Amino acid sequence: MAEITNIGRIRVATELAWATDGTGTMGNFFSVRTDAGSFKEPGPKRATHAVDPIRSFRGEKRKQELGFKNGTLDAGGQLCSVGTEIANGVTTTKDGISKLFESTCGGYRTGEGSTVASGAGIGGAVVSASDGAQFLEGQLIFVEVGTTALYLPVIVDTRTTDTLTWFPELPAAPSVGGKILNTQMIFETDQPTGTTQWLAEVTRDRDHIFLYLGCAGTLALEWPLGAPVKWSTQQQVASWLHDDEIAGVQGGSALTIGYSYDAGTPVIGRGNSIHFGPASAATRVTPTVLDFTFDAGISKTPIPSHNGVEGRAGYETPSGEPGCTITVLAGTETYKDALEAQTLYRIMAQAGNVGGKQIALYLPNVQIIDIEEGETGGFATEKLTCVCLAADHFTDQSTDVLRSRFYLGRG
């Protein structure tokens, strides 16, 4: 009987060994929320090579020989937070999304939360005794606004014992006893080396099941207003195996519907806040922002090798160019002047504002390189295209986390 193509489940694992079947330990695979329309797999395809005929007559053509099983895989879906309020004394285990994003970008850091003990101001506070060690420089955190159980994101600029300063400034000082939530934070490293494998179960008849090995790829985010935040990636694939060839065969029975995700629920673009102001100023600036997107600018170059898997020994990550677009109302010279003067800006974008269901993206230095006049719903707009530059405001730029061009926190 014919069947409609329908994604049943997509699972991902970070590879312990390059392009080696990891389904012998299915506990290492985690389910990811993937939009059906954005998942595109290479399928059972190989390169083929023509064979020279024995004689030059047209009718003597021979069957082609098989080549490598390389390909590309597209995936994406709704971006979830960790589902847990990372408050005082709370620890979290790295979840599937953090594992996938760390594999792509290279860096990961987290810690427990705390509370405001004293010295609260718009630009910093003293946290509970000995908790300062949880908030190293360059850590994205969420600070409670008053006693409302609503939060704004900041990044720790300096830390001396239990005294923190942060950026950007809050609109008002937090209350003593107010919560400071930590995040599972992703940042870029100079040379990320992680790879993944994707187990795709596409139809209910349990025949269309493939494991894609030796994968690495891109990362982009959409930040819509009033809709789910979304992530997307295009993964290069070194090789693939059909279900009957893998260690943890999945076919032969109906697809269970009892599986769950280890992350929280999707974060909707409500309670948003996007700071967009000069990098030289700490004051929080929140202009009218109609749209915001981000591309991590990551690409992967296969390393060719006769001793590799399907001709590949892994991937190198060439120096990319993270970038973003931000659409604002037209009618001001501010951004045109900034473009001409090469003024650097900073962005702190937030989606969701409650514990366990919020995401923040910090871009420490962005330069406006193009302004596109447009119209949205009858409003004149300016779409600003920006490139992201490395952080330079921390006291030490000797480590990856303190010179990253982007920081993504889920908490």
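Just so it is clear, the values below take in all heavy atoms, side chains as well, and ignore hydrogens, waters and symmetry mates. Since the model is a prediction, treat every value here as computed from it, not as a measurement.
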K.L.:
Does the side chain of Val154 come within less than 4.5 Å of Leu170's, by heavy atoms?
P.N.:
yes
K.L.:
Using the six-membered ring of Tyr151, assess whether NZ or CZ of Lys179 lies under 6.0 Å from its centre and within 45 degrees of the ring axis.
P.N.:
no
K.L.:
Salt bridge or not between Asp95 and Arg410? Use side-chain N to carboxylate O under 4.0 Å.
P.N.:
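Judged by the 4.0 Å cut-off on N to carboxylate O distance, Asp95 and Arg410 do form a salt bridge.
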K.L.:
Is there a donor-acceptor contact under 3.5 Å linking the side chains of Arg11 and Gln250?
P.N.:
yes
K.L.:
side-chain hydrogen bond (donor to acceptor under 3.5 Å, both in side chains) for Glu137 and Thr395? Distances and angles first, verdict last.
P.N.:
CA-CA 9 Å; Glu137 289 184 13; Thr395 55; 3.2 Å; yes
K.L.:
We want to know whether Lys94 and Thr110 form a side-chain donor-acceptor pair, criterion being a heavy-atom distance below 3.5 angstrom.
P.N.:
no
K.L.:
Can a side-chain donor-acceptor contact be found between Thr293 and Thr325 if the only test is distance below 3.5 angstrom?
P.N.:
yes
K.L.:
So do the side chains of Thr286 and Ser273 get within less than 4.5 Å of each other, counting heavy atoms only?
P.N.:
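A side-chain contact exists here, since the closest heavy-atom pair is under 4.5 Å.
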K.L.:
Kindly indicate, with the supporting measurements, whether the criterion salt bridge (charged side-chain N to carboxylate O under 4.0 Å, His left out) is fulfilled by Asp291 and Lys383.
P.N.:
CA-CA 9 Å; Asp291 188 55; Lys383 181 179 180 180; over 6 Å; no
K.L.:
Counting only N and O atoms by type, is there a donor-acceptor contact under 3.5 Å from the side chain of Thr23 to the main-chain atoms of Ala247?
P.N.:
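Looks like yes, one N/O pair under 3.5 Å.
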K.L.:
Considering non-hydrogen atoms only, spot the tightest contact between Pro192 and Ser103 and give its length.
P.N.:
CB-O, 4.3 Å
K.L.:
Would you say Thr91 and Glu112 are linked by a side-chain donor-acceptor pair, where the criterion is simply a distance under 3.5 Å?
P.N.:
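Not at all, the side chains of Glu112 and Thr91 share no donor-acceptor pair under 3.5 Å.
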K.L.:
Taking all heavy atoms of Ile368 and all of Ala338, pick out the closest pair and write down the distance.
P.N.:
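Closest approach of Ile368 to Ala338, heavy atoms only: CD1-CB, 4.1 Å.
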K.L.:
Are Asn182 and Gln139 linked by a side-chain donor-acceptor pair shorter than 3.5 Å?
P.N.:
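Side chains of Asn182 and Gln139: pair found under 3.5 Å.
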K.L.:
Verify side-chain contact (heavy atoms from CB on, under 4.5 Å) between Phe135 and Asp162, making sure each step is shown before the conclusion.
P.N.:
CA-CA 9 Å; Phe135 304 104; Asp162 296 324; over 6 Å; no
K.L.:
With sequence neighbours excluded, give me every ring pair (Phe, Tyr, Trp, His ring centres under 6.0 Å) pair touching residues 263-291.
P.N.:
Phe167-His275, Phe276-Tyr335, Phe276-Tyr345
K.L.:
For the CZ atom of Arg9 and the CG atom of Leu199, what is their distance to the nearest 0.5 Å?
P.N.:
7.5 Å
K.L.:
Between Ile186 and Tyr407, is any pair of side-chain heavy atoms under 4.5 Å apart?
P.N.:
no
K.L.:
Any non-hydrogen side-chain atom of Asp157 less than 4.5 Å from a side-chain atom of His393?
P.N.:
yes
K.L.:
I'd like to know whether the aromatic ring centres of Phe406 and Tyr362 sit less than 6.0 Å apart in this structure.
P.N.:
no
K.L.:
Are the side chains of Lys357 and Thr265 in contact, using a 4.5 Å heavy-atom criterion?
P.N.:
yes
K.L.:
Which pair of heavy atoms, one from Ala296 and one from Pro322, lies closest together, and at what distance?
P.N.:
O-CG, 3.3 Å
K.L.:
Between Asp74 and Gln234, is there a side-chain donor-acceptor contact under 3.5 Å, judged purely by atom types and distance?
P.N.:
yes
K.L.:
Would Asp35 and Lys230 count as a salt bridge (charged side-chain N to carboxylate O under 4.0 Å, His left out) here? Give the steps.
P.N.:
CA-CA 10 Å; Asp35 292 340; Lys230 292 192 174 184; 3.2 Å; yes
K.L.:
Report yes if some heavy atom in the side chain of Leu79 is under 4.5 Å from a heavy atom in the side chain of Leu221; otherwise report no.
P.N.:
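Yes; the side chains approach each other to less than 4.5 Å.
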K.L.:
Where is the tightest heavy-atom contact between Leu181 and Gly355, given as atom of each residue plus distance?
P.N.:
CD1-CA, 3.7 Å
K.L.:
Would you say Thr165 and Thr158 are linked by a side-chain donor-acceptor pair, where the criterion is simply a distance under 3.5 Å?
P.N.:
yes
K.L.:
Go through the side-chain N and O atoms of Thr48 and Glu65 and say whether any donor and acceptor fall under 3.5 Å apart.
P.N.:
no
K.L.:
Under 3.5 Å, is there a donor-acceptor pair between the Trp198 and Thr196 side chains?
P.N.:
yes
K.L.:
With the side chain counted from C-beta on, respond yes when Ile155 and Trp166 share a heavy-atom pair under 4.5 Å apart, and no when they do not.
P.N.:
no
K.L.:
Going by heavy atoms in the side chains, are Val328 and Leu384 under 4.5 Å from each other?
P.N.:
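SC-SC contact between Val328 and Leu384 confirmed.
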K.L.:
Roughly how far, to the nearest 0.5 Å, is CG of Asp243 from CD of Glu201?
P.N.:
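One finds 7.5 Å between CD of Glu201 and CG of Asp243.
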K.L.:
Under the side chain to side chain donor-acceptor pair (under 3.5 Å) definition, can you give me all pairs with a residue in residues 304-320, not counting sequence neighbours?
P.N.:
Gln191-Glu316, Lys300-Thr317, Arg312-Tyr315
K.L.:
Taking salt bridge (Lys or Arg N to Asp or Glu O under 4.0 Å) as the cut-off, I'd like each qualifying pair that reaches into residues 331-347, sequence neighbours left out, listed once.
P.N.:
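Listed once each, the pairs are Lys336-Glu373, Lys336-Glu382.
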K.L.:
What's the shortest heavy-atom distance between Val309 and Ser239, and which atoms?
P.N.:
CG1-CB, 4.4 Å
K.L.:
For Gly22 and Gln197, which heavy atoms make the closest approach, and how far apart are they?
P.N.:
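Of all heavy-atom pairs spanning Gly22 and Gln197, the closest is N-OE1, 2.8 Å.
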K.L.:
Of Thr189, Leu219, Leu100, which is the lone residue that meets side chain to side chain contact (heavy atoms under 4.5 Å, CB included) with Cys105?
P.N.:
Leu219
K.L.:
Distance alone, cut at 3.5 Å: any donor-acceptor contact between the side chains of Gln184 and Thr92?
P.N.:
yes
